[in-house]
Amino acid sequence: MTEIATLGEFGLIRRLTEDIKPQNPSTRYGVGDDCAVLHYPDKEVLVTTDMLMEGVHFDLTYIDMRQLGYKSAMVNMSDIFAMNGTPRQLIVSIALSKRFTIEDTEAFYDGLKAACAKWKVDIVGGDTTSSYTGLAISITCIGEAAAGDIVYRNGAKDTDLICVTGDLGASYMGLQLLEREKAVYYQQVEEAQKKGNRQALDSLKDFRPDFAGKEYLLERQLNPEARGDIIAQLREANIRPTAMMDISDGLSSELLHICSQSNCGCRVYEKSLPIDYQTAVMAEEFNMNVTTCAMNGGEDYELLFTVPIGDHAKIEAMEGVRLIGHITKPEFGHLLVTRDGNEFELRAQGWNPLSAGDGVDKVDTPNPRS
Ligand SMILES: Nc1ncnc2c1ncn2[C@@H]1O[C@H](COP(=O)(O)OP(=O)(O)O)[C@@H](O)[C@H]1O
Ligand SMILES: Cc1ncc(C[n+]2csc(CCOP(=O)(O)OP(=O)(O)O)c2C)c(N)n1
Ligand SMILES: [Mg+2]
């Protein structure tokens, strides 16, 4: 392992970026000068940025640097797809503390580059600095769309159908699983230390929890995919959503954003929520309500969108898209209809980094089963 100080800032930047060859005609100039130069003569330019802080957004005890790079890029591209756009460039800023090696940063860039290769996105710049605390990552993604193609959060209309891609709650269950295994590990370390058991401490260095049968949950948490495939499918099927966003904080929270910005209500059906088998099994094991996990878990990075009711047949024919409810007039409220026909007002109780406590609020309402 090699200390970053051996290369210095410019050496490190060169090492991480020298193999980057821009793919897009809109990238006129990438890494290496005071600015990148981009060219968008007849398209609208989409710009989104997100920050990821160690301890708040990720924990390096269970996500590795390559996965972190991949995920950081994907969550940003997801925002461009959520506007019905095409991601083109990425700007990557990182603040590193002394404990990171050159190899760590290279692994992070391997992940970033893999995500960029998948969607033909160019890394065109960034900033590299030091941190006295943890790792901080700030990524900006730039994309393009024709003006008439952009889908905002505010276009949902009464009677529109509400659709989600993929399945929900798996990433959250993956996180719960990783947190549990981490707690088990530290508990064992503490016990071995108390007993002064050197042999036990040594063997704990190779601690590898058994995740057999739960791979999908980990994949969803550690290697999420932005749904550019769905954007292409929608285009192919000639479906233009009336409103769209990606699900980062949880379905309830995002649906309430669409409803407040579109001035409408909604009805979603518990029985229609797409939930993977492993998610349901894990929720049962944790004694959690699986519907609550699907509604509020977060980090699904699936697309939530509305389409006119006339597109019903086209949506039904699409693979990987599920109809979960419909838009109503605002006075009907924002309702979750349970399997037994009860109705609950939706609440944004998903992940909130600025709330007290540790993210997902632990209040377990609406709880259709209780
Ligand atoms: N510090 C800030 N200054 C200005 N705008 C911000 C700031 N933080 C967030 N925003 C804007 O608020 C909106 C909602 O942000 P956010 O909830 O983070 O969206 P997303 O989930 O798509 O990342 C976006 O338009 C974002 O650009
Ligand atoms: C250590 C750790 N804590 C918490 C989470 C959960 N988590 C991280 S980001 C996120 C959701 C999105 O984050 P936010 O900063 O709100 O992004 P934005 O909505 O702006 O895209 C969640 C649920 C995690 N994956 N790892
Ligand atoms: Mg954001």
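Values below: every heavy atom of this structure, side chains too, minus hydrogens, waters and symmetry copies. Every number for a ligand or one of its atoms is a count from 1 in the order of the listing.
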* Heavy atom under 4.0 Å from ligand 1: found in Asp249's side chain, backbone, both, or neither? ->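 No part of Asp249 is near ligand 1 at this cut-off.
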* To do: Using a 4.0 Å heavy-atom threshold (strictly under), name the region of Met51 that reaches ligand 1: side chain, backbone, both or neither.
  =>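 Met51 to ligand 1: no contact under 4.0 Å from either part.
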Heavy-atom distances under 4.0 Å are what count here, so tell me which part of [X] touches ligand 2: side chain, backbone, both or neither.
X	result
Val75	neither
Met51	neither
Asp50	side chain

Charged N to carboxylate O under 4.0 angstrom, [X] versus [Y]?
X	Y	result
Arg88	Asp122	no
Glu225	Lys118	yes
Glu302	Arg220	yes

* Decide whether Thr27 and Asn24 meet the rule of one side-chain donor and one side-chain acceptor closer than 3.5 Å. =>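 Note: Thr27 and Asn24 side chains miss the donor-acceptor criterion.
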* Given Trp351, Phe58, Tyr301, Tyr172, which has its nearest heavy atom closest to atom 23 (C) of ligand 2? ->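 It is Trp351 whose heavy atom sits nearest to atom 23 (C) of ligand 2.
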* Is there a nitrogen or oxygen of Thr49 sitting under 3.5 Å from a nitrogen or oxygen of ligand 1? ->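 Not met; the criterion fails.
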* Asked: Taking only heavy atoms of Ser248, which atoms of ligand 1 are found under 4.0 Å from at least one of them?
  ->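 Ligand 1 atoms under the 4.0 Å threshold to Ser248: 21 (O).
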* Under 4.0 Å from any heavy atom of Asp50, which atoms of ligand 1 are there? ->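 Result: 23 (O).
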* Could you tell me whether some N/O pair between Asp249 and ligand 2 is separated by less than 3.5 angstrom? =>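 The answer is yes, given that Asp249 and ligand 2 share an N or O pair closer than 3.5 Å.
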* **Partner set under side chain to side chain contact (heavy atoms under 4.5 Å, CB included) for Ile309, not counting sequence neighbours** =>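 Expected list: Thr159, Leu161.
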* Charged tip of Lys271 within 45° of Tyr269 ring normal and under 6.0 Å ->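 Yes; both conditions hold, so Lys271 lies above the ring face of Tyr269.
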* Listed by chain and number, what are the salt bridge (charged side-chain N to carboxylate O under 4.0 Å, His left out) partners of Lys205, not counting sequence neighbours? ->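 Counting only residues at least two positions away or on another chain, Lys205 forms a salt bridge (charged side-chain N to carboxylate O under 4.0 Å, His left out) with Asp202.
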